[in-house]
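Here the structure is laid out as structure tokens; the discussion comes afterwards.
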Amino acid sequence: MNKITYERAKIYLTERGQEHLLKYYKELSKEERDLLLSDIESVNFNILKNINAKPHKPRGKITPLTSAVSVEAIRRRRIQFEAVGLNILSEGKVAAVLLAGGQGSRLGFDGPKGTFNIGVSRELSIFEQQMDNIRAVTSLSGRCFPLFIMTSSVNNADTVKFFENHNYFGYPRDRVYFYVQDVAPTCDFNGKVFLDSKCRVSLAPNGNGGWYSSLVNSGLGRILEREGIEWLNVYSVDNVLQKICDPVFIGATVLTRCRCGAKVVKKVSPEEKVGVLCLENGRPAIMEYFEMPDELKYKTKKGGLVYGYGVTLNYLFNVHDLNLTLNGRLPYHLAEKAIAHMSNGERVTPSKPCGYKFETLVVDMVNMMGSCLAFEVERECEFAPVKNATGADSVDSARELLRKNGVHL
Ligand code: UTP
């Protein structure tokens, strides 16, 4: 039962310049009207105020990182880091969060990206490979940590079914928690919210920075509290080689007293399309490749790139600090996209950008935390992202790296 009536919805929308959302109301059935009113009631129209934000806001003063632990430094302190990390893991203070709410449009695969078959002579989904990586850690720590999997309303059912059909890849089923990412309305370039159909408002996942607020909004914050989880290892669905809840990474972040940690790799070239960890006005920040001016991109010192550490989307966040710092303050970024929508009574699917999606980004969380350990990993061993169908960061390059690491495909 909707709390909002047609008359109230009309006033509410008119005040916000969005009354066109009721354009087809008279043509709708009772059920369809209910759906539309319920969408109108639940949409956060305040997000639209971000339409005046610049797509890429000017950055503050960018300087290189002053501290990072290199592969060599990690090798020297490995035993110490690992012991601390394993201890925290065996005390049950760490959980993992898999970001699987993206649309994976660059891969061009119709289905949740994690279900993509990376195998050649056998079936090996991205999910299965990542669950194998998890097993390597749990067999060391002797404890299965909670695994939160963030999906989207589009791919949730298929993702859950895939895990069910594969018996959770041998992981205890009661340690896996799915939740659906929160959404934001989409709109045209003038801020008019799109209709996805005559009775549904067009909504899209609110970006990968939505992982923590969505987790809390879904009610799963109670698991964090109940189990005394102090650290969350957030990772992307793309990278088939990454270590999840890596004890060495956990130990290093804890021992250096950082509020978060980021696994980084040395860039292969100045042009590599990867965000770079740096300082912005003295705080850790990630500068995306498309924002980077040439004088920073090509700057070198002692033969290496000054801004040479690329992020791999594998972060460790302290839960207490997340609660203190975030408080709903993550900025929204405008992403120009081709968005299917209703136009003159027809649903159109444009091939070019026609409006905005509003996205929060995990990289902004790093900046808000105020301190971040850059933890370097060997890319050949830990970085094989599946972003594209072919070329760089593709299925082919990921397969090659998996083989090099002894994975039978
Ligand atoms: P990407 O930035 O690569 O986006 O996501 P994407 O949607 O998966 O792929 P493209 O750009 O359409 O090709 C990085 C990670 O963040 C997750 C993705 O699932 C991936 O693990 N993500 C992204 C979300 O969980 N939610 C989002 O809204 C966006």
Side-chain angles (χ1 to χ4, degrees), residues 68-90 92-100 114 118 124-149 169-171 175-176 229 231-256 258 260-266 274 277 309-317 362 372-386 393 397-408:
V69 277
S70 64
V71 166
E72 295 74 36
I74 294 165
R75 209 169 279 140
R76 284 196 298 274
R77 295 183 66 187
R78 187 182 177 87
I79 293 173
Q80 184 197 16
F81 289 158
E82 188 168 46
V84 171
L86 280 176
N87 191 34
I88 294 173
L89 277 164
S90 59
K93 293 181 178 165
V94 187
V97 183
L98 165 57
L99 304 183
I118 191 89
L124 178 66
S125 65
I126 292 181
F127 281 141
E128 178 169 3
Q129 177 57 37
Q130 291 191 337
M131 295 307 286
D132 286 350
N133 299 351
I134 286 184
R135 224 179 344 265
V137 170
T138 53
S139 60
L140 273 181
S141 69
R143 192 165 175 150
C144 290
F145 45 78
L147 169 61
F148 299 99
I149 301 181
F169 306 100
Y171 207 70
R175 302 305 276 158
V176 181
I229 303 293
W231 295 91
L232 288 171
N233 183 203
V234 182
Y235 65 101
S236 79
V237 74
D238 306 319
N239 181 3
V240 284
L241 266 186
Q242 69 193 311
K243 290 188 184 149
I244 295 145
C245 289
D246 173 4
V248 186
F249 178 39
I250 297 169
T253 308
V254 171
L255 283 174
T256 49
C258 285
C260 69
K263 282 201 164 186
V264 296
V265 286
K266 273 206 188 93
V274 66
L277 197 57
Y309 277 139
V311 285
T312 63
L313 220 176
N314 186 314
Y315 299 104
L316 187 69
F317 286 99
V362 66
C372 178
L373 177 72
F375 180 95
E376 189 198 350
V377 297
E378 280 178 80
R379 64 187 302 142
E380 293 271 298
C381 305
E382 286 199 42
F383 193 47
V386 182
D393 298 340
S397 59
R399 281 186 179 142
E400 199 181 315
L401 283 165
L402 280 169
R403 283 198 192 96
K404 277 192 185 158
N405 282 276
V407 178
H408 166 60

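Since we're looking at a predicted model, the values are computed, not measured.
- Distance check, rounded to the nearest 0.5 Å: CG of Leu241 to CZ of Phe383 gives 10.0 Å.
- Atom CD of residue Glu72 and atom CD1 of residue Ile74 lie 9.0 Å apart, to the nearest 0.5 angstrom.
- To the nearest 0.5 Å, atom CD1 of residue Ile88 and atom CD1 of residue Ile250 are 7.0 Å apart.
- Asn233 pairs by the side chain to side chain donor-acceptor pair (under 3.5 Å) definition with Asn314, not counting sequence neighbours.
- For residues 233-243, the salt bridge (charged side-chain N to carboxylate O under 4.0 Å, His left out) pairs, not counting sequence neighbours, are Lys113-Asp238, Asp238-Lys387, Lys243-Glu382.
- With sequence neighbours left out, Ala95 forms a side-chain contact (heavy atoms from CB on, under 4.5 Å) with Pro146, Phe148, Ile229, Leu232.
- Under the rule for a side-chain contact (heavy atoms from CB on, under 4.5 Å), the partners of Ser90 that lie at least two apart in sequence or sit in another chain are Asn87.
- A search for side chain to side chain donor-acceptor pair (under 3.5 Å) contacts involving Asp393 returns nothing, not counting sequence neighbours.
- Residues Lys266 and Arg379 form no side-chain contact, since every pair of their non-hydrogen atoms from C-beta on lies 4.5 Å or further apart.
- Put simply, CG on Leu316 and SG on Cys372 are 9.5 Å apart, with the number rounded to the nearest 0.5 Å.
- Checking side-chain atoms of Asn405 against main-chain N and O of Val407 turns up no donor-acceptor pair under 3.5 Å.
- Contact record, Ile118 with Ala398: CD1-CB, 4.2 Å, taken as the closest heavy-atom pair.
- Applying the ring pair (Phe, Tyr, Trp, His ring centres under 6.0 Å) criterion to Tyr171, with sequence neighbours excluded, gives no partner residue.
- With sequence neighbours excluded, the residues satisfying ring pair (Phe, Tyr, Trp, His ring centres under 6.0 Å) with Tyr315 are Phe317.
- Using a 4.5 Å cut-off on side-chain heavy atoms (C-beta onward), Leu313 and Asn239 make no contact.
- Contact record, Glu376 with Val71: OE1-N, 3.1 Å, taken as the closest heavy-atom pair.
- A search for ring pair (Phe, Tyr, Trp, His ring centres under 6.0 Å) contacts involving Phe249 returns Phe375, not counting sequence neighbours.
- Looking at Val265 and Val377, their side chains come closer than 4.5 Å, going by heavy atoms from C-beta outward.
- Counting all heavy atoms, side chain and backbone alike, Cys258 lies closest to Trp231 at O-CH2, 3.5 Å.
- No more than 12 heavy atoms of other residues, nucleotides or ligands lie within 6.0 Å of CD in Glu400, so this atom counts as exposed by the packing criterion.
- Considering every non-hydrogen atom in both Ala374 and Leu277, the closest pair reads CB-CD2, 3.6 Å.
- Between the NZ atom in Lys404 and the CD atom in Glu380 there is a gap of 4.5 Å [rounded to 0.5 Å].
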Requested in this report: Check step by step if side-chain contact (heavy atoms from CB on, under 4.5 Å) holds for Phe127 and Val237.
Outcome: CA-CA 8 Å; Phe127 281 141; Val237 74; 3.8 Å; yes

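- Contact check for Leu402 versus Gln129: side-chain heavy atoms found under the 4.5 Å cut-off.
- Remark: Ala73 pairs with Ser70, Arg76 by the side-chain contact (heavy atoms from CB on, under 4.5 Å) rule, at least two apart or across chains.
- In terms of the side chain to side chain donor-acceptor pair (under 3.5 Å) criterion, residue partners of Arg135 (sequence neighbours excluded) are, by chain and number, Asp132.
- Counting heavy atoms from C-beta outward, Phe169 and Ile134 have side chains that stay 4.5 Å or more apart.
- Heavy atoms only, all atoms of each residue included: Pro247 and Leu89 are closest at CB-CD1, 4.0 Å.
- From Glu128, atom CD reaches atom CG of Asn133 across 11.0 Å, with rounding to the nearest 0.5 Å.
- Of all heavy-atom pairs between Leu98 and Gln130, the closest is CD1-OE1, 3.6 Å.
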Requested in this report: For Val137 and Ile244, run side-chain contact (heavy atoms from CB on, under 4.5 Å): C-alpha distance rounded to whole Å, both residues' side-chain angles, the deciding distance at 0.1 Å, then the answer.
Outcome: CA-CA 7 Å; Val137 170; Ile244 295 145; 5.9 Å; no

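- Considering only residues two or more places apart in sequence or on other chains, Arg399 meets the side chain to side chain donor-acceptor pair (under 3.5 Å) condition with none of them.
- In this structure, the side chains of Leu147 and Arg175 stay at 4.5 Å or more apart for every pair of heavy atoms.
- Residue pairs meeting the salt bridge (charged side-chain N to carboxylate O under 4.0 Å, His left out) criterion with at least one member in residues 138-148: none, sequence neighbours excluded.
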